[in-house]
There are 2 protein chains.
Amino acid sequence: MAHDDLEAYPLTGRFLMGRLRHALSTEEKQVLESLVETVEALDEPTTILARGKLCDRSTMLLEGTLLRTIEQGERRFIVGVHVPGDFADLHCFALKRLDHNLVTIGPAKVGYVPHTRLEELMEQRPHLARLLWFSSLLDAAVHRQWILKLEQLPAVKRVAHFFAELWHRLDLVGLGRRDGLRTPLIQADLADMCGTTAIHMNRALGQLRKEGIAEFRRGTLYVPDRQALERFADFDPSYLYGKGDLRVRNELG
Amino acid sequence: MAHDDLEAYPLTGRFLMGRLRHALSTEEKQVLESLVETVEALDEPTTILARGKLCDRSTMLLEGTLLRTIEQGERRFIVGVHVPGDFADLHCFALKRLDHNLVTIGPAKVGYVPHTRLEELMEQRPHLARLLWFSSLLDAAVHRQWILKLEQLPAVKRVAHFFAELWHRLDLVGLGRRDGLRTPLIQADLADMCGTTAIHMNRALGQLRKEGIAEFRRGTLYVPDRQALERFADFDPSYLYGKGDLRVRNELG
DNA sequence: CGTTCCCTTGAGTAGTTTCAATACTTGTGG
DNA sequence: CCACAAGTATTGAAACTACTCAAGGGAACG
């Protein structure tokens, strides 16, 4: 079914996959697919939307990795990461301007949805609108987990937690691998999202390697024992609302 | 205008005040007010909604303070704080279960909105629904700022930033004071939301006091120079999406 | 074959935690 | 009114975690 969707809906087929995608009717999936007006392939790192800029369209990430960044003086911080299937800036639909930047790294493909289409949808398809809302609440749940992680864990466990999260999120949209993952993120990026310096991040990764929990080398993460990684990082995937005790069981309308 | 609203809509009059409340029609304000089915006054700390529990209603905070907490082993962490006028768990409407707890501290008053009413609203009042969505995106923006704060700032500046934020948010809903604020939060709570130990938080508060930036004593925050506080904490209120020019209101909180 | 970007290592300093102990505040009952 | 308990706030010293500055090594790409 997952794979049927990817063939039938090459652009939006991963939206909410592993979560509430099953609550979408065939008609709704078609409407969703038709929302994407233009598709853009970006090979170089690109700022899709800069902080404070007015915008009239929202972005769905189709392939690659997208970051939410905030510049602060010399340094850049990362406050969010997206995987394919994520509707990255629904925020922008309601807020009109963002408090942060949206930036691609590595090769990526994005689809743009004009806000006029979303307005129609709000009026005419409340059930689908509700699922878009739902997807933006999932983002908030991830944000909360990042807050918790930053409050609670030392640097080593923060990266470990991030690796575990990213892996799970890739799994949910059908992009998971057996023994790890590949990502365009570099050590400095990991530092920027874990609130450490790049140098300290390097030492943290060294420790993960030495303890046999995870090996991260130039964009390739290799994990010999997934459970060991998740145990080490105090990782509990339920906040992703995929599988686990928070999973949404009802069919929403 | 603000005050008319508080009289005309005693329950929901602070909802989106200072933000997009002006975009609500009179009729919509009435509908909103009518959503609140029951009101509850809570004097003791109470868990309104526990992690993982199914729920069929959402909560608007009418008076007092509400926390989002996550228990982790022995310790409790705070991943969010709410002020009157906040629709605290719209999440719950879409997600059905929360990944965290909702807890009141100090005397508080809450209003409950049955999800059946929200479902009607999604169908029949898309514009109002969009503003509810907007309000949940504001929460996410605050989350991101917390992430940034935790990534970027040392403990002293984290509390300072939180004080600045709380003060602004109280201002927005007409509960601001001239020279500071009162809150039921204790030092241990501040520690739980800044990712430090209570002891270190105590020293941080001592430093703020010594440097003349802020004085926090048993729930009372006194700030001699607001700009100095905000400068110290690298605080920029734009992420709260309020009006550019915030005016301090003097009436009681 | 040399840039350029990315990663690694070392030593000294600053920020934070832990453990342990001491006060202050508020409310209660004698 | 005082004694007491519970919760909250404060202080000191040692251990740990993370940061800064400084320098060196490795891979990829023209």
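What you are looking at is a predicted structure, and each value in this text was computed from that prediction instead of being measured. Computation of the quantities below employed the complete heavy-atom set of this structure, encompassing side-chain atoms and omitting hydrogens, waters and symmetry-equivalent molecules.
- B/His168 places a side-chain heavy atom less than 4.5 Å from the side chain of B/Arg226.
- Under the side-chain hydrogen bond (donor to acceptor under 3.5 Å, both in side chains) rule, B/Arg76 has a single partner from B/Thr69, B/Asp189, B/Asn101, which is B/Asp189.
- Heavy-atom minimum distance, B/Arg14 versus B/Pro84: CD-CB, 3.9 Å.
- Chain A approaches DNA chain C within less than 4.0 angstrom (heavy atoms of the protein), and the contacting nucleotides run 5' to 3' from C/dC6 to C/dA11.
- No option in B/Val103, B/Ile48, B/Thr46 other than B/Ile48 meets the side-chain contact (heavy atoms from CB on, under 4.5 Å) test with B/Leu66.
- In the model, A/Arg51 has a side-chain atom that pairs as donor or acceptor with a side-chain atom of B/Ser238 under 3.5 Å.
- Considering only heavy atoms from C-beta on, B/Leu240 comes within 4.5 Å of B/Arg169 through its side chain.
- OP1 or OP2 of D/dT10 sits under 4.0 Å from a side-chain N or O of B/Gln187.
- With a 4.5 Å cut-off on side-chain heavy atoms, A/His91 and A/Arg68 count as touching.
- In plain terms, the two heavy atoms of A/Cys194 and A/Met201 that are nearest each other are CB-CE, 3.8 Å.
- Side-chain contact between B/Thr183 and B/Phe163 is absent, with no heavy atoms from C-beta onward closer than 4.5 Å.
- In this entry the distance linking CG of B/Leu205 with C1' of D/dT8 reads 13 Å, nearest Å.
- Put simply, the side chain of B/Thr220 does not reach to within 4.5 Å of the side chain of B/Arg218, judged on heavy atoms.
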message = At under 4.0 Å between heavy atoms, how does the protein contact nucleotides 17-30 of chain D? Give one character per nucleotide, 5' to 3', with B, S or -.
response = -BSBBB----S---
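- Two end axes, each from the C1' atoms of five base pairs, can be drawn for the helix from C/dC7-D/dG24 to C/dG30-D/dC1; they diverge by 30°, to 10 degrees.
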